[in-house]
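Along the sequence shown, residues carry numbers from 1. Note that these values count all heavy atoms, side chains included, but never hydrogens, waters or copies made by symmetry.
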Amino acid sequence: KLLMTLSHNHDVINANFSPDGKFISTVTIENKVYIWNSSGKLLQTFSSLAGIRTATWSPNNKYFIIVSDEIKVLNTEWKEVTQIKLEQKTILYRVTFSPDSQLILIEFLQNNKYNTEIWSLSGKNMASINEFIASVSEPVFSPDGKYIATTNRGGISIWNTSGELQVELNNYQGGFG
């Protein structure tokens with residue numbers, strides 16, 4: 001059963017519910033982010049000159065990230081809390097909050113190398129994980145927020161939130177069939 005249609009003038013490239021289900025964010029190819037309530041009423045619109053790639057909510061529903069050529073963290077009153085700018089010629093791939101919503105995990109490509117950085121909610125770079133040369137790692141926080149798992153061509157690496165390698169699980173021997 002279709003509950004509602006959120007009307008847009010351009011193609012939608014990303015949509016997310018807030019964890020509490022009270023809001024929906026949509027991102028369109030026209031570089032706009034729309035915030036809707038769960039009844040389908042448009043509450044807020046954000047525009048950017050740079051290509052907006054995605055937008056996401058913090059697990060505690062208190063923060064919202066807009067990812068373009070930079071990262072903007074907003075509170076639920078839609079005021080900017082933090083702005084994170086990485087070096088020029090950086091392509092952002094993923095941005096994820098820690099389970100307690102206090103850390104931000106950023107994956108990006110720079111100089112043909114995939115990198116993962118851990119930032120505080122206040123905009124301080126806490127640690128870097130720079131092990132990826134040829135493949136996207138899709139980093140994730142552990143449920144308790146104490147560790148980060150990254151993938152590589154041969155397995156999985158587990159890091160603490162200070163960027164220190166804790167263990168590598170490399171069992172892949174190569175080849176299929």
Side-chain angles (χ1 to χ4, degrees), residues 6 8-20 22-37 42-132 136-142 145-150 159-164:
L6 303 175
H8 295 82
N9 293 328
H10 293 84
D11 291 343
V12 175
I13 59 172
N14 179 273
N16 284 300
F17 277 98
S18 61
D20 63 6
K22 293 181 180 179
F23 302 100
I24 303 166
S25 65
T26 56
V27 178
T28 66
I29 61 169
E30 65 180 328
N31 295 322
K32 289 187 179 181
V33 175
Y34 298 91
I35 307 296
W36 313 80
N37 68 16
L42 181 61
L43 302 175
Q44 190 75 31
T45 303
F46 300 97
S47 297
S48 175
L49 297 175
I52 297 176
R53 291 177 186 83
T54 190
T56 191
W57 304 88
S58 66
N60 67 3
N61 288 297
K62 293 183 179 180
Y63 303 101
F64 184 71
I65 289 180
I66 298 174
V67 179
S68 59
D69 291 340
E70 61 190 15
I71 299 162
K72 290 186 180 183
V73 181
L74 310 172
N75 62 23
T76 52
E77 295 173 356
W78 315 118
K79 305 287 186 230
E80 190 172 300
V81 174
T82 303
Q83 186 173 6
I84 299 170
K85 291 185 178 184
L86 300 175
E87 292 181 28
Q88 292 289 336
K89 298 184 180 176
T90 297
I91 300 171
L92 292 165
Y93 278 99
R94 285 176 191 77
V95 177
T96 307
F97 277 103
S98 61
D100 68 359
S101 304
Q102 298 305 301
L103 296 176
I104 301 167
L105 194 59
I106 303 170
E107 183 186 28
F108 59 94
L109 178 67
Q110 188 175 63
N111 299 321
N112 295 320
K113 185 176 178 185
Y114 289 92
N115 299 282
T116 300
E117 292 184 348
I118 305 159
W119 290 71
S120 70
L121 193 58
S122 64
K124 180 181 177 190
N125 186 335
M126 306 298 286
S128 296
I129 299 170
N130 300 311
E131 68 159 345
F132 313 106
V136 178
S137 71
E138 299 189 31
V140 294
F141 279 101
S142 62
K146 294 180 181 180
Y147 300 98
I148 296 160
T150 60
W159 310 82
N160 65 19
T161 55
S162 296
E164 298 163 337

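A donor atom on one side chain and an acceptor atom on the other are found under 3.5 Å apart for N125 and E117.
Between F23 and W57, the two ring planes are parallel [angle under 30°; tilted spans 30° to 60°].
For the atom pair Q102 CD and S122 OG, the distance stands at 9.5 Å (nearest 0.5 Å). Between the CZ atom of R94 and the CZ atom of R53 there is a distance of 12.5 Å, given to the nearest 0.5 Å. Within the model, atoms CG of L121 and CG of L103 stand 8.5 Å from one another, a figure rounded to the nearest 0.5 Å. Interatomic distance, CD of E107 versus CG of N115, reported as 9.0 Å (0.5 Å rounding). One finds the CG atom of L43 at 7.5 Å from the CH2 atom of W78 (value rounded to the nearest 0.5 Å). The structure places CD1 of I84 at 7.5 Å from OG of S120, a figure rounded to the nearest 0.5 Å.
No side-chain heavy atom of I71 sits less than 4.5 Å from a side-chain heavy atom of W119. Within the 4.5 Å cutoff, the side chain of V95 has heavy atoms near those of the I104 side chain.
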Using the side chain to side chain contact (heavy atoms under 4.5 Å, CB included) rule, take L86 and I106 through it: C-alpha gap first, then chi angles, then the decisive distance, then the call.
CA-CA 10 Å; L86 300 175; I106 303 170; 4.1 Å; yes
Working note: L74 + Y63, criterion side chain to side chain contact (heavy atoms under 4.5 Å, CB included); need CA distance, chi angles, decisive distance, verdict.
CA-CA 6 Å; L74 310 172; Y63 303 101; over 6 Å; no
Evaluate F108 against T116 for side chain to side chain contact (heavy atoms under 4.5 Å, CB included), listing each step before the verdict.
CA-CA 6 Å; F108 59 94; T116 300; over 6 Å; no
Would F64 and T76 satisfy side chain to side chain contact (heavy atoms under 4.5 Å, CB included), going step by step from the backbone distance to the final call?
CA-CA 7 Å; F64 184 71; T76 52; over 6 Å; no
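Side chain of S68 to backbone of I52: no donor-acceptor contact under 3.5 angstrom is found. No side-chain donor-acceptor contact under 3.5 Å links T82 to the backbone of V73. A donor-acceptor pair is defined here as one N or O able to donate and one able to accept, closer than 3.5 Å; no such pair exists between the side chain of S25 and the backbone of I35.
The minimum heavy-atom distance between S18 and N61, with the atom names listed, is CB-OD1, 3.6 Å. Of all non-hydrogen atoms in L42 and Q44, the two that sit nearest each other are CD1-O, 3.6 Å. Closest approach of P139 and I148 over heavy atoms only: CB-CG2, 4.2 Å. Closest approach of A127 and G163 over heavy atoms only: CB-N, 3.7 Å. Here the shortest heavy-atom pairing between A55 and V33 reads CB-CG1, 4.3 Å. In plain terms, the two heavy atoms of P59 and F97 that are nearest each other are CD-CB, 3.5 Å.
With respect to I65, the side chain to side chain contact (heavy atoms under 4.5 Å, CB included) criterion is satisfied by exactly one of V81, T56, T96: T56.
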